[in-house]
Amino acid sequence: MSALEVLFNNVSKKMADAQALKNISAVIKSGQINGIIGPNGAGKTTFIRLAAMLLSCVGGSISYFENGIKKEQKQVKADTGYFPQEPSLYADLSCLENMEFFRDLYGLTHKEFKNRSSELFDATDMAAFKDRPAGKLSGGMYKKLGLMCVLLNRPKLLLLDEPTVGVDPLSRQELWTLINRFAGIDMTVVITTSYMEEALRCSHVIALDEGNLIIQDNPQEIVKKFSLKNFSDIFLLKKQ
C-alpha cells in the first residue's frame, strides 16, 4: 500500500455565477500533509471536492498516481476518505455504534474492525466515551469521532475540509496530533484551512485567493524565499 499523488492540470470550475477556480495547475504531494490555504471564498472547498471526485471540472483535468503509475478514478474512489466541514454522524448512536456503521459501509472484517477501532480510540483518547451518544459530544470530540470513522478504511488519500473550524485550541491540537500520526508513506493528507499558523504545519501548501493560484511550495521555503515576516503576507504576492 502506498499513498496517492494528485495532479491538477489547468482546472477551472464555475459554481452558480461565480468562477470558483481559474486554470489551477497544482500538485498534491504523495505521503505528505498538503495544505490548501486561503481566505473565505478562495476556492478551497471547491478544490478539495474536485479532488474527492464529488465535483467535475469544466476545464482541465485531474489525474491520480500511485508509485508513478496513473490510476483510474474508479480505483481511486475506494482509496479516498473525505471529511466534510460538518461530518454526518448519527446523534442518537454511541461513538462505537457510529464506528460500526462505517465498518459495515467499508465492508471490514470483525478482526480488521477490532484492530483499527482500538487503535483509533487509543490514539484519540476517546476509549472512555465509546458508549456516549455522538449528539452529546463536545464540538472537538464530535469532529474527532468523524475523523476516526473516515480513518477506519485507511485511505491512501485523506481529504479534510477545514476540520479545525469551530473547535477549542486543545481539540485543534489533538486533531493535528492525529493527522500527523497517520500521514506518511501509506497516506496522503490534504487539509483546507484559513488559519495561517496551521499552514506552517504542512509540508506543502497550495495558496488560493479568489479562485487563483498564488503559489505552491514548502511553507518554510516560501517564507525564506520572499522574506515574509508573517505567513499571511503570502497573499500580497503577485498572482500567478
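Just so you know, these numbers come straight off a predicted model, no measurement behind them.
- The hydrophobic cluster containing L175 does not contain Y195, counting ILVMFWY residues as joined when their side-chain heavy atoms lie under 4.5 angstrom apart, directly or transitively.
- The structure places CZ of F47 at 14.5 Å from NZ of K13, a figure rounded to the nearest 0.5 Å.
- Atom-to-atom distance recorded for R201:CZ and T193:OG1 is 10.0 Å, nearest 0.5 angstrom.
- Taking the ring axis of Y106 as reference, the NZ or CZ atom of R116 does not stay both within 45° of it and closer than 6.0 Å to the ring centre.
- At least one side-chain heavy atom of R181 sits under 4.5 Å from a side-chain heavy atom of E119.
- Counted within 6.0 Å of CD on Q85, heavy atoms from surrounding residues, nucleotides or ligands total more than 12; the atom is thus considered enclosed.
- Atom CD of E197 is surrounded by more than 12 heavy atoms from other residues, nucleotides or ligands within 6.0 Å.
- Figure legend: K70 and Y64 shown without cation-pi pairing, the cationic atom not lying both under 6.0 angstrom from the six-membered ring centre and within 45 degrees of its axis.
- Listed for the T188 side chain is a donor-acceptor partner under 3.5 Å among the backbone atoms of G31.
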Practice task
Take E5 and K71 through the test salt bridge (Lys or Arg N to Asp or Glu O under 4.0 Å) and record every step on the way to the result.
Solution key: CA-CA 10 Å; E5 181 175 87; K71 308 286 287 187; over 6 Å; no

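- What you find for P155 and G81 is that their closest heavy atoms are CB-N, 3.4 Å.
- When side chains are defined from C-beta on, L158 counts as touching L160, because their heavy atoms get closer than 4.5 Å.
- One hydrophobic cluster, built from ILVMFWY side chains closer than 4.5 Å, holds both I48 and M53.
- In the hydrophobic clustering of ILVMFWY residues, with side-chain heavy atoms under 4.5 Å counting as a link, L108 and L93 come out together.
- The aromatic rings of F101 and Y90 stand perpendicular to each other, their planes meeting at an angle above 60°, with 30° marking the opposite boundary.
- Hydrophobic clustering keeps L159 apart from V27 (ILVMFWY residues linked when any side-chain heavy atoms are closer than 4.5 Å, directly or through intermediates).
- Atoms CG and CD, from L178 and Q173 in turn, are 11.5 Å apart once rounded to the nearest 0.5 Å.
- Looking only at side-chain heavy atoms (C-beta outward), L21 and L208 come within less than 4.5 Å of each other.
- The heavy-atom pair separating C95 from L137 by the smallest distance is SG-CD1, 3.7 Å.
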